[in-house]
Amino acid sequence: MIALSAMRAVKILTWSSSPFDLTAALVHHTQLTPATLRCLRCVSDLDTCEGPAKPSEKQPSAWHAHPSIRKVVIFLWVIVAACAGWAALVMHIWHMWADRFQFALTTQTWSFLPNGDSYITYGISGGNLQVWTLLFVSMTLVQGPLTLGLHCSELISNVIRDERQWRSATGRKGLRTAMSPVKTIFTHPICLVLFVAKPFLHWMFGLSFAVGNTAVDDQLLQPFIMMYIAQIWNLYIALFIFACFFTHVALRRPRGPQPAAYGHLQTLANLVDEWSPVMWWGHKKDGIPYCHAGTSDKGPLPDVKMDCVYAGSGAGSLVPLS
C-alpha cells in the first residue's frame with residue numbers, strides 16, 4: 001500500500017534501473033543540472049571547488065568515493081568478528097562441561113555437515129506461545145545481522161557493476177545505457193558471486209543450529225536448541241572469505257583516465273554531454289587553455305591527452321591553472 005501510494009503521488013520519469021537512463025531523464029526534465037567545468041572530475045571530487053583538471057592514470061576506489069561503501073565493509077567485518085566470538089563462546093562452554101582430555105574440534109569431529117559431535121544444548125522452558133516466541137526472537141537477533149550484511153553488500157555489487165558499465169564507454173562497442181536487471185546478475189562476476197553467496201551463507205547458518213524436542217508417554221517435553229561448534233567455525237570461515245572478497249573489490253582502483261562515477265547521478269550528468277542509447281567517451285575538442293572531454297554517438301573517440309587540462313566546452317576564456 002505504501003508503494004502504491006507513492007506511485008500515485010510521484011511522477012515516474014523512468015522505470016529503468018539503469019543510472020544512465022535515470023540521469024538522462026532527470027536532466028531532460030530539468031530536475032538535475034550538469035555542473036560546468038567538471039568534464040574530468042570524478043565522484044570523489046564533488047566536494048572540491050576546482051573545475052579544470054588533468055587526466056589521472058588511476059581513479060579512486062569505491063571505498064574512497066562512497067562513504068556508504070565504507071560503512072558496509074566495516075559492518076561485514078563486524079559480522080565476521082561476531083561470528084568468531086560466537087564460535088569461541090560455544091567452544092568455551094563445551095569445554096566447561098566436557099572431560100578435560102577431550103577436545104571440541106579434531107580431524108575426526110570437524111565436518112561440513114553436523115555429525116552429532118561437539119555441540120551444546122540449552123532448553124527453553126515455558127508455555128508453547130512463550131517458547132516459540134522466544135525461539136523466533138532469538139533467531140531474529142542472531143540471523144538479522146547476517147541478513148542485513150548480505151543485503152547491504154548489494155550496494156558494493158551495484159556500484160561496481162555501474163562503474164564497469166560506464167567504463168565500457170571507452171571500448172570498441174561503447175556504452176549501452178539500457179540494461180536488463182536479470183541479465184546483469186549472470187554476466188557480472190560480482191553480482192553472480194553475491195547471487196550464490198546469499199543462499200549458501202544462510203544455509204551454512206542453518207547448519208549451525210538445530211531445534212529439537214523429546215516426548216515421554218505422548219507428552220512433549222521442553223524444546224531445546226543445539227549449536228554445533230564445527231559448523232559455526234565453518235560459517236566464520238565462509239564469512240571471512242566473503243568479507244575479504246568484497247573488501248578487495250571496494251578497495252580496487254580502476255585504471256585509465258576516464259573519471260570514476262560509480263553510478264552517481266550528478267557525476268554522470270557532469271561527464272555526459274551528449275545522451276544516446278549507445279555512446280563513447282573520450283577527447284572531443286582541443287582548446288586554449290582547456291580541452292574538452294565528453295561523449296558522442298558517432299563511434300569511438302580518441303583517448304584524452306594526459307598532458308592537457310580539461311574543463312569542458314565553452315571554457316576557453318578562463319584563466320589557465322597555475
Side-chain angles (χ1 to χ4, degrees), residues 6 10-56 58-72 152 154-170 174-179 181 184 250 253-254 256-284 290-297 301 304 309-315 318 321:
V10 178
K11 180 182 179 181
I12 307 299
L13 300 181
T14 176
W15 290 100
S16 173
S17 61
S18 168
F20 307 98
D21 289 338
L22 178 56
T23 304
L26 291 173
V27 172
H28 177 73
H29 290 86
T30 65
Q31 295 190 19
L32 188 63
T33 304
T36 58
L37 313 178
R38 302 183 68 87
C39 71
L40 214 66
R41 290 290 181 179
C42 61
V43 62
S44 60
D45 294 333
L46 285 177
D47 296 331
T48 63
C49 299
E50 295 87 353
K54 280 189 174 183
S56 175
K58 275 191 174 183
Q59 302 303 313
S61 64
W63 169 281
H64 180 72
H66 271 273
S68 299
I69 296 294
R70 296 194 287 271
K71 296 177 183 177
V72 172
C152 291
E154 290 186 19
L155 174 62
I156 302 177
S157 174
N158 290 343
V159 298
I160 298 300
R161 176 203 64 197
D162 294 340
E163 180 62 17
R164 181 186 180 188
Q165 186 181 8
W166 161 240
R167 304 197 79 77
S168 67
T170 56
L175 163 65
R176 299 183 181 274
T177 58
M179 56 186 297
T184 54
R253 297 181 61 184
Q258 185 180 4
Y262 293 107
H264 189 263
L265 302 184
Q266 181 63 64
T267 303
L268 290 174
N270 299 341
L271 299 177
V272 179
D273 57 346
E274 294 183 25
W275 291 95
S276 60
V278 182
M279 54 188 176
W280 289 263
W281 181 91
H283 176 89
K284 293 188 71 175
Y290 301 121
C291 298
H292 173 48
T295 54
S296 172
D297 61 349
L301 293 172
V304 294
V309 179
Y310 287 81
S313 58
L318 296 177
L321 290 177

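This structure is a prediction, so every number in the text was calculated from the model and none was measured.
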S.K.: Using side chain to side chain contact (heavy atoms under 4.5 Å, CB included) as the criterion, list what pairs up with Ser16, not counting sequence neighbours.
M.R.: Thr14, Ser18, Asp21
S.K.: Using a 4.5 Å cut-off on heavy atoms from C-beta on, say whether the side chain of Asp273 contacts that of Thr295.
M.R.: yes
S.K.: Please list, chain by chain and in numerical order, all residues satisfying ring-ring contact (aromatic ring centres under 6.0 Å, His included) with His283, sequence neighbours excluded.
M.R.: Tyr310
S.K.: Which heavy atom of Leu301 sits nearest to which heavy atom of Gly282, and what is that distance?
M.R.: CD1-N, 3.5 Å
S.K.: Would a 4.5 Å heavy-atom cut-off, applied to side chains only, mark Glu163 and Gln59 as touching?
M.R.: no
S.K.: Any chance you could measure Asn270, atom CG, to Thr36, atom OG1, to the nearest 0.5 Å?
M.R.: 8.5 Å
S.K.: Could you list the residues that satisfy ring-ring contact (aromatic ring centres under 6.0 Å, His included) with Tyr262, not counting sequence neighbours?
M.R.: none
S.K.: Would you say Leu268 and Trp166 make side-chain contact, with heavy atoms under 4.5 Å?
M.R.: yes
S.K.: Mind checking the SG-CH2 spacing from Cys39 to Trp281? Nearest 0.5 Å is all I need.
M.R.: 7.5 Å
S.K.: Gln31: which residues meet the side-chain hydrogen bond (donor to acceptor under 3.5 Å, both in side chains) condition with it, sequence neighbours left out?
M.R.: none
S.K.: List the residues meeting side chain to side chain contact (heavy atoms under 4.5 Å, CB included) with Pro257, not counting sequence neighbours, and say none if there are none.
M.R.: Pro55, Val304, Met306
S.K.: For the residue pair Ser68 and Leu155, what are the closest heavy atoms and their distance?
M.R.: CB-CD2, 3.5 Å
S.K.: Return the set of residues passing side chain to side chain contact (heavy atoms under 4.5 Å, CB included) with Trp275 (not counting sequence neighbours), or none when no residue passes.
M.R.: Phe20, Thr23, Ala24, Val272, Met279
S.K.: What pair of heavy atoms forms the shortest contact from Gly263 to Pro19, and how long is it?
M.R.: O-CB, 3.9 Å
S.K.: Which heavy atom of Val309 sits nearest a heavy atom of Pro52, and at what distance?
M.R.: CG1-CB, 3.7 Å
S.K.: Do other residues, nucleotides or ligands put more than 12 heavy atoms under 6.0 Å from His29 NE2?
M.R.: yes
S.K.: If you round to the nearest 0.5 Å, how far is NE2 of His66 from NE2 of His264?
M.R.: 6.5 Å
S.K.: Between Val27 and Ala269, what is the shortest heavy-atom contact and its length?
M.R.: CG2-CB, 4.0 Å
S.K.: Testing the basics here: between Ala53 and Leu40, what is the closest heavy-atom pair and its distance to 0.1 Å?
M.R.: O-CD2, 3.6 Å
